[in-house]
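Okay, so here's the structure we're looking at.
The chains referred to below are lettered A, B, ... by the order of the sequence lines, with proteins before strands, and numbering in each begins at 1.
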Protein chains: 2
Amino acid sequence: MNTTRSGRPALTRPDGTPLRVLVVDDDPDLAEVLSGALRYEGWQIRTAGDGASAVAAARELLPDAVVLDVMLPDTDGFAVLRALHTVKADVCVLFLTARDAVEDRIKGITAGGDDYVTKPFSLEEVVARLRGLLRRAGMARQLDEGPRLTVGDLVMDEDAREVTRGGELIELSPTEFELLRFLMRNPRRVLSKAQILDRVWSYDFGGRAHVVELYISYLRKKVDAGREPLIHTVRGAGYVIKPATP
Amino acid sequence: MNTTRSGRPALTRPDGTPLRVLVVDDDPDLAEVLSGALRYEGWQIRTAGDGASAVAAARELLPDAVVLDVMLPDTDGFAVLRALHTVKADVCVLFLTARDAVEDRIKGITAGGDDYVTKPFSLEEVVARLRGLLRRAGMARQLDEGPRLTVGDLVMDEDAREVTRGGELIELSPTEFELLRFLMRNPRRVLSKAQILDRVWSYDFGGRAHVVELYISYLRKKVDAGREPLIHTVRGAGYVIKPATP
DNA sequence: GGAACCTCTCAGGACCCTCTGAACCGGCCC
DNA sequence: GGGCCGGTTCAGAGGGTCCTGAGAGGTTCC
């Protein structure tokens, strides 16, 4: 079976083969970071640096999804999108865009089922959006948990952005939510602070690992408050989330 | 089963296969945006840029419906309409027309049960009109909710453009109505302001996301006033509508 | 021509989120 | 015991998000 590097089953195509994703960005460093994170999900990745080679690569790879920087050196996003759809009509597209980009350039481009994230983004967010897109488009087989993550009596609904423990609703800030999602996607697995920082915080974040400790403490107050703890510290190594009674 | 990208069941042909829609517009960007939105409904889409290729495409695709720009470079809408009907007599047509177009000519065209929207339109409106058209023409199987949307004790009758909560009638302006419809068609799913702007506001709207907040506040005053709130803010993410007691 | 309505912009203000700095706490090693 | 280190917690500044009210411009309908 096709699995991720972390050992859990990968989201695959309906026939069980790895999902195929094309990453298009003119910044090679960023493209590398992105494809690393997506490869980690067990997917088959290819990269391109401009619109023309993106279309060429798509013709060969026939990807299930494309991660597409809107600002490319040679073409505009609409043209690439159109070309991609003629290559493969049902392809999903996740756009990358600068926060201060002229909004109407983006406007409409995501009007379909497609989605976008603004730079600077966190890898966890890109992966989550991509998984959501692929799941909803029926491109992915439900080998994983689907839109719902569970650890013990703690449940997260990613689409509704709702978290409950023992049926009781827990309100989380955006960062808290993303941190908890990362933990819950890797249950029973010790995650180092550096790993968490790389995944949950955006790639240009300069701060130190102290933030992670801080947000873990926020999470504990909301998730573990007065109950059997799910979040555990592993001194010198990092943090784990795991069910209370294994 | 055939489903939309948002996961809810799609409106399909009577035999269960996806509805086939042809989009005809000479502006390729607009055609792309439109087909994206219609693909999102789970339908099979094809595009054409002028009258001649529209008729050719129709001969191949045998579409259930056609979205047709009245102003085409080569032919006028009436000629295309006539040609389309010789290809497939029972085809539904949704016309796209400029606001200042001669209204009685359009009225004459649409007398046969067809419909039209004026540019600039919102995607939500195009989709809704098309769904209504297909439903009334008996082209579509009622796998979805039909003309009535329900979230808790809030009920919207799309055809009558009537909204009630707990039986009490709520008066809404056109924009308020369309915003609420979009929310109610995606219950329990967090919708970002950009997403809402893309679907509910017309494609040429240049303004910023602030309008969405404003209209959400209008809706709350009318829909949630003094009652258990159905519309919720998810800070940093968007808005959701969901029943009070799940 | 006027009134009512709808839509959108602008500015003010409340609140929340995020991160920093610093104090505190407990285990571990010398 | 004393110092050190990793981790936890608290307090607070700052920045951002979101809500609201006032009002201008446009449209529709008498």
Nearest heavy-atom neighbours spanning B:Ile231 and B:Asp224 |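 It is N-OD2, 3.2 Å.
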Rounded to whole Å, please give me the gap between [atom1] in [X] and [atom2] in [N].
X	N	atom1	atom2	answer
B:His232	D:dC19	NE2	P	13 Å
B:Ile216	D:dT20	CD1	C1'	15 Å
A:Ile231	D:dT8	CD1	P	11 Å
B:Leu219	D:dC19	CG	P	12 Å
B:Glu213	D:dT20	CD	P	11 Å

Going 5' to 3' along nucleotides 10-21 of chain C, which nucleotides have protein heavy atoms under 4.0 Å from the base (write B), which only from the sugar-phosphate (write S), and which from neither (write -)?
-> BB----SSBBBB
Consider only side-chain N and O atoms of B:Thr233 and B:Arg220, and report whether a donor and an acceptor are under 3.5 Å apart.
-> yes
Indicate whether OP1 or OP2 belonging to [N] is found under 4.0 Å from a side-chain N or O atom of [X].
X	N	result
B:Lys193	D:dT17	no
B:Arg220	D:dC19	yes
B:Thr233	D:dC19	yes
B:Lys221	D:dG21	yes

Output the distance between atom CG (B:Leu154) and atom CG (B:Leu180), rounded to the nearest 0.5 Å.
-> 5.5 Å
Any salt bridge between B:Lys119 and B:Asp204, counting N to O under 4.0 Å?
-> no
Between B:Asp159 and B:Arg135, is there a side-chain N and carboxylate O pair less than 4.0 Å apart?
->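 Result for this pair is yes, salt bridge flagged.
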Can I get a per-line list of side-chain donor-acceptor pairs under 3.5 Å for residues 166-174 of chain A, giving both atom names and the distance, sequence neighbours left out?
| from | atom 1 | to | atom 2 | distance (Å) |
| --- | --- | --- | --- | --- |
| A:Ser173 | OG | A:Glu176 | N | 3.4 |

